[in-house]
Amino acid sequence: MSENKFKQIAETIESRIIDGIYPPNFKLPPHRELANELSTTPATIAKAYKLLADKKRVEPFVGRGTFVCGESRLEQVIQSSEDNGDYNFSILQPCLSHNVQPLKEALEKAASQLTSDLIGYTEYSGHETHRLAGVNWAKEYGLVGGNANNTLLTNGAQHALSLLIEVLTKPGDTIAIEALVYPGIIAIASLLGRQIVGVALDDKGMSPTDLTRVIKQHKPKLVIVIPSFQNPTGITMPTARRKEIADVIIKNNIYLIEDDIYGFLNEKVIPAICNWLPEQGFHITSLSKAISPAIRCGFVKVPDIHISNVGAQIRASIWLSSPINYIAASDMIETGVAYQLANYQREIALRRQDMVYEIFGNSYLKTDGYHVWLPLMAHWQQDQFVLEAKNRGLIVSSGSYFNATDTHLNHVRLSLMSINSDEKFKKGLKALFELLNSNNKTMFPF
């Protein structure tokens, strides 16, 4: 073997970075996987990675792997498109065409109700009527114990996640998350200087056995879980599993954040994990997935002992969420329009899931949610597939962005809702299926 083989491999990897095959914040393949692909040894790959790390092209993280240096991974996962001809399967949002008119009417009604009290500063986390609307919204989908005092208003669920992590942990602390996870959580942890450790998933969601192991081994201060239609796998925790997770949290005396933004998609109401954790559980929900991400209305149920600290964090960061948005949101909740829109979105999701199943068959885990976690054929590498799909106007999200461990993945996540037309959606699915089953292989010879 040439002494310079690792330098040649480093140049190949760097070319992939420049060409966008390994985009910013992309997790590089494990040593053995890339060694097999490039017909070399894991030790040679390790030397190549070290050389690239010295050049500040990649950055290694203990327990997580090596990542391409660059901007937020969220920019790669959630890709907007300026070309109306593209088929965007990357954005997890409602099918918005039906929601425009009801939201417009609610905002117009809100504007007509403005008073000096509503457009000024207010104590606590917003107005009581708006917090009560959040209590009712969360209660409809399985949360008990919420009231006007312990339910606070945020600028959506992402803001809620960020402020709770800041309140409950300090830089250097470890947070336990699902092994496959929404990249926004990874982005927050990285930005705030928190460490993350992945907890294994099974067909019922986060494993209580592995959570126990992770707590014992890594001593996390906080656990974060998405219990319904988990992003990216689509798994929904049954009631028994939720109770098991709550038991582990209680036994180990740590905190849990329950990010329940997809709870409205469940066919039947499933109790929130936080129902068993009145002193240790923080429950997040919002209207972004049911109505619109633009309305930025999030609701957080907080244990009584933490109300003051979380409220102070809200005031220090944004002072308060816009009452104008909450006038509209509260009216839609009180009149039932919000629940009607949520039900309509669930109907669309069910229809779109059937379309995916019709074309792709039983090659994946079918759920009733907004997205599909699609395994790729063996001849495709996930980021190569994403790049080739984009060349064809098909925008999908690579599985690499969701991986909180160093396990091998070969998946893409498909959002089913951001394309408004069923006809266009189905046409895009057929194009993806054709690409998936093609024999296109991208080779990187020396």
Side-chain angles (χ1 to χ4, degrees), residues 72 74-75 77-84 86 88-114 118-119 125-127 130-131 133-134 137-138 141 152-163 182-184 187-188 229 231 259-265 284-300 314 317-346 348-349 369-371 395 397 415-421 425:
S72 169
L74 286 177
E75 295 182 11
V77 180
I78 305 171
Q79 302 179 53
S80 60
S81 173
E82 296 180 357
D83 187 344
N84 291 329
D86 283 345
N88 196 325
F89 292 93
S90 77
I91 301 178
L92 273 185
Q93 65 181 23
C95 196
L96 293 173
S97 57
H98 179 78
N99 289 10
V100 171
Q101 187 58 34
L103 182 54
K104 180 180 179 181
E105 292 172 359
L107 288 169
E108 289 174 347
K109 185 176 179 181
S112 70
Q113 295 175 351
L114 290 181
L118 287 172
I119 64 172
S125 174
H127 295 274
H130 303 160
R131 285 179 272 129
W137 175 261
Y141 302 112
L152 308 180
L153 309 182
T154 65
N155 282 344
Q158 183 78 359
H159 175 226
L161 282 167
S162 179
L163 74 90
Y182 162 56
I188 293 170
F229 302 98
N231 185 6
D259 188 4
D260 199 21
I261 56 174
Y262 300 106
F264 69 94
L265 291 171
I284 298 173
T285 188
S286 80
L287 301 182
S288 296
K289 304 304 182 185
I291 297 177
S292 167
I295 199 168
R296 309 314 303 153
C297 292
F299 308 103
V300 185
I314 292 172
S317 58
I318 62 169
W319 190 267
L320 79 161
S321 297
S322 171
I324 297 175
N325 287 342
Y326 277 95
I327 298 170
S330 299
D331 182 72
M332 286 189 285
I333 292 170
E334 291 166 5
T335 61
V337 170
Y339 304 113
Q340 294 170 10
L341 294 178
N343 290 336
Y344 184 77
Q345 294 299 323
R346 184 174 186 277
I348 296 174
Y370 275 12
H371 60 283
I395 303 175
S397 299
S415 166
L416 310 186
M417 304 294 285
S418 60
I419 299 174
N420 284 318
S421 161
F425 174 76

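Since this is a predicted model, take the numbers as computed values, not measurements.
Across Leu96 and Pro293, no two heavy atoms sit closer than the pair CD2-CD, 4.3 Å. Summarising the geometry of Ser90 relative to Ser397, their closest heavy-atom pair is CB-OG, 3.5 Å, with the distance given to 0.1 Å. Among all heavy-atom pairs drawn from Ala349 and Gly369, the shortest one is CB-O, 3.6 Å. For Ala342 against Ala290, the heavy-atom pair with the smallest separation is CB-CB, 4.0 Å. The shortest non-hydrogen separation linking Gln158 to Gly184 is NE2-O, 3.5 Å.
Remark: Thr154 OG1 to Ile318 CD1 distance equals 7.0 Å, nearest 0.5 Å. The NE2 atom of His159 lies 13.0 Å from the SG atom of Cys297; values are rounded to the nearest 0.5 Å. Considering CG of Asn155 and CG of Leu163, their distance stands at 10.0 Å, rounded to 0.5 Å. Atoms CG and CD1, on Asp86 and Ile419 in that order, are 9.5 Å from each other to the nearest 0.5 Å. Interatomic distance, Asn231 CG to Asp259 CG, rounded to the nearest 0.5 Å: 9.0 Å. Atom CG of Asn343 is separated from atom CG of Leu265 by 10.0 Å, given to the nearest 0.5 angstrom.
Arg131 places no side-chain N or O within 3.5 Å of a backbone atom of Leu153 that could act as its donor or acceptor partner. Listed for the Asp260 side chain is no donor-acceptor partner under 3.5 Å among the backbone atoms of Thr285. Ser330 places no side-chain N or O within 3.5 Å of a backbone atom of Ile327 that could act as its donor or acceptor partner.
Partners of Ser418 according to the side-chain contact (heavy atoms from CB on, under 4.5 Å) rule, which considers only residues two or more places apart in sequence or in another chain, are Asn88, Ile91, Gln93, Ser415.
Here Phe264 and Phe229 keep their ring centres 6.0 angstrom or further from each other.
For residues 96-111, the pairs satisfying side-chain hydrogen bond (donor to acceptor under 3.5 Å, both in side chains) are Asn99-Gln345, Gln101-Glu105, Lys109-Asp331, with sequence neighbours left out. Sorted by first and then second residue, the salt bridge (Lys or Arg N to Asp or Glu O under 4.0 Å) pairs with a member in residues 288-300 form an empty list; sequence neighbours excluded.
Between Trp137 and Tyr339, the ring planes are parallel. Angles under 30° get that label, and only those over 60° would be called perpendicular. Ring orientation note: the planes of Tyr370 and Tyr262 are nearly perpendicular, at an angle over 60° on the 30°/60° scale.
No side-chain heavy atom of Met417 sits under 4.5 Å from any side-chain heavy atom of Leu92.
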